[in-house]
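Quick notes on the structure that follows.
Counting starts at 1 for both ligands and their atoms, following the listed order.
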Amino acid sequence: MSHPDLFGDLPSDGPATQAAAQPESPAARAAQLRDSLHHHAHAYYTLDAPEVPDAEYDRLFRALQALESAHPELLTPDSPTQRVGGQVLDAFAAVQHRVPMLSIRTETDTEASGAEAFDTRIRKELGLAASEPAVQYVAELKFDGLAMSLRYENGVLVQAATRGDGETGEEVTANIRTIGQIPLRLPLDAPAVLEVRGEVYMRRDDFEALNARQRQRIAAGTKGEKTFVNPRNAAAGAVRQLDSGIAAERPLSFFAYGLGDITQATEGGPQWTTHFEMLQQLKVWGFPVAEQTSCVNGSAGLVAFHQRMAAERDALPYDIDGVVYKVNDLALQARLGFVTREPRWAVAHKYPAQEEMTTVQAIDVQVGRTGKLTPVAKLAPVFVGGVTVTNATLHNELEARRKDVRVGDTVIVRRAGDVIPEVVSVVLDKRPPEAVPFTMMTHCPVCGSLAEREEGEADHRCTGGLFCSAQRKQAIWHFAHRRAMDIEGLGDKLVDQLVDSGQVHTLADLYRLQQADLANMDRMADKSAVNLLEALEKSKQTTLGRFLFSLGIRHVGEATAKELARHFGQLDAIMVASEDALLQVADVGPVVAHSIHTFFAQAHNRDVVQALRDAGITWAEGDALAPTDMPLAGITVVLTGTLQSMGRDEAKEKLEALGAKVAGSVSKKTHYVVAGAEAGSKLDKAQALGVPVLDDAGLALLLTGEKP
Ligand code: IVH
């Protein structure tokens, strides 16, 4: 493991050197530990390239903590142990900014032309003729957090202040020390006084994790906890925490983008003449600078950056609300100067907002192609993320209740990129007193069939199956599938047209189609129509397994359908089978048995089956397996571990062929557990329940039809 040894040489991009021998004096040891921790914090938080495991960092951290509590005089304001917070304030102290924190002019035109307008203005103010070369700019991201001024004196972070009104901010040093990305001390070549300006923000993943934790706390009944509307609010809340221990629990990040107060550069120290060079120097001193920050030329360069970032915006791990353009040359910046509180040399070029407020006019329930019921908030139209949004999915009842969205509520809607618009949260202050919680309906809003939510599932589903018109298209498409009824030429698009035009209401209607009906469909040549009719005719001769699969009964896949056909032999037997009888089929568990039973219990599903039979669909019916005649009928076996004589699949097949049921888990109803090498919990359970355990020899005996 590599330990850094970096007295006065922090932070470094180079590899950490071997640790020096452990110093004798506590003061030297504390200094060495601080150096190591500073180095590792920079590698971890800012460079995203940790050099040691977390546990090693923790070990160094605890060593320093122990040393500081034994020798309190060794505690320095730049000690990494001061990052954990703990200070509780009554109020924040006011901080007079020595160099005002300016705001920035916003270009209202969110199109690319906004960038051109800025360049035109700059050229005019600088008196540049059209023939003169392009102005160089630095293009940056406009981070959606809050502005912060970090003051370093003699290389140590002594004060962090919010912007406030630009003249006077609030001192939030203890909270800002908890941000791992912010250096607590600077290398020796930094000016005696340096104020770094930048944005404190919260990453989206950190925000999600924080809100998940907040929800748990609320659920556990912790008083005074709430979730946050967006990362910016969460960041602002954390920065303005009077208890820095709480701030330390809220993961914040930082990007540097400018300077405030600064003393003359030291002789031989770093110099810069452009904004970009200054940012590079801040990076060298350990401050995070966004990698997207670019030097570009003229309006074309600005427009290209604006477009590139618009495309990358949603993939960034944090929110931006636009980009910022700054004249690169500091001498030109000085010439341009300021108007009131805004520099003439910079502009913010925004993107359309991704979050807006609107009201919920209704909550409709839509039925999807698979019968899933989805509550959808009907919104007063709102322009967000570049489009007008009138609907936002609430996903399911649990989600709608978790967000507690009610008709009449004012909500925050978010649309990022191509992502489906979402209700982020409710503005509770604006809730009308009569608003009632949302409840999912008990019946399908389209066909009136029972709507059910299965245990452990979030979604309600319409049980109407083929009867429900909303599910019809999907059902027809599935019916026609190559592995189902195999109707070649009946694709998605055609199904949509047939249903939308009212030609096909039920599956059986497919078999009533005439060439004239098909002639009216888009992209349907005579030849294709003839082919389709032939495919329909051909599909009438099928197998029971295919037919069962084609009905699209939930949980009944191709293999289960075949197994049902093999087991029962005849459709009528399946249609009247009890759940218990269905459970006898290999691979059919309680969920599947329930689904099959419910499907055939509904008269309209039976009608569909009858109509299809009437349309001429036939198959060769077989005899049901006579389970009681088979040697291992009624016997349930569980296979576990590695068998020597054969693979588990082979054993399963052989056992089933003799009428045994092979189950996946051991219960009191299990007759035998066949255990091979390295059998685990199933063997334990068998022994606990007193179920007989067989080895390879026992299995061989069982396969002769004899019960050991
Ligand atoms: S420069 C002299 N650069 O936007 C210009 N500001 O009013 C001072 N912001 O709240 C600001 N990203 O916190 C600058 N790359 C960036 C920025 C940025 C976000 C914020 C800043 C302030 C507002 C500007």
Nearest to [atom], what protein heavy atom do you find, and at what distance?
{"atom": "atom 10 (O) of ligand 1", "answer": "A147 CB, 4.0 Å"}
{"atom": "atom 13 (O) of ligand 1", "answer": "E199 OE1, 2.3 Å"}
{"atom": "atom 12 (N) of ligand 1", "answer": "F143 N, 3.1 Å"}
{"atom": "atom 8 (C) of ligand 1", "answer": "L102 O, 3.8 Å"}
{"atom": "atom 24 (C) of ligand 1", "answer": "I104 CG2, 2.9 Å"}

Quiz item: Using 30° and 60° as the class limits, which term best fits the ring planes of Y318 and F255: parallel, tilted or perpendicular?
Solution: perpendicular
Quiz item: Parallel, tilted or perpendicular: which describes the rings of F338 and W345, with under 30° parallel and over 60° perpendicular?
Solution: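 Taking W345 first and then F338, their aromatic rings stand perpendicular (interplane angle over 60°).
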Exercise. Using non-hydrogen atoms of the residue, decide whether G258 is closer than 4.0 angstrom to ligand 1.
Key: no
Exercise. Examine ligand 1 and decide if any of its atoms is less than 4.0 Å from a heavy atom belonging to M148.
Key: no
Quiz prompt | Side-chain heavy atoms of R232 within contact of D319, under 4.5 Å | solution =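 Answer no - side chains too far apart.
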Self-check item: Close side-chain approach of L330 and T273, heavy atoms under 4.5 Å
Solution: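 They are not in side-chain contact.
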Quiz item: Would the number of heavy atoms belonging to other residues, nucleotides or ligands and lying under 6.0 Å from OH of Y44 be above 12?
Solution: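 Not more than 12 within 6.0 Å, no.
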Practice problem: Check the pair K403, E399 against salt bridge (Lys or Arg N to Asp or Glu O under 4.0 Å), reporting the backbone distance first and the verdict last. | Solution: CA-CA 6 Å; K403 288 185 178 157; E399 190 62 12; 3.6 Å; yes
Self-check item: Salt bridge K142-E107, side-chain N to carboxylate O under 4.0 Å
Solution: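 Salt bridge flag = no for E107 with K142.
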Exercise. Give a yes or no on whether a salt bridge exists between D35 and R185, defined as a side-chain N under 4.0 angstrom from a carboxylate O.
Key: yes
Is ligand 1 under 4.0 Å from a heavy atom in the side chain of [X], in the backbone, in both, or in neither?
{"X": "K142", "value": "both"}
{"X": "L141", "value": "backbone"}
{"X": "Y257", "value": "side chain"}

Quiz item: Counting heavy atoms only, which of K326, E342, R105 comes nearest to atom 3 (N) of ligand 1?
Solution: K326
Practice problem: Show your reasoning for whether ring pair (Phe, Tyr, Trp, His ring centres under 6.0 Å) applies to F305 and Y137. | Solution: CA-CA 11 Å; F305 185 82; Y137 299 102; over 10 Å; no
List ligand 1 atoms under 4.0 Å from [X], heavy atoms only on the residue side.
{"X": "P343", "value": "2 (C)"}
{"X": "E140", "value": "3 (N), 15 (N), 16 (C)"}
{"X": "S103", "value": "7 (O)"}

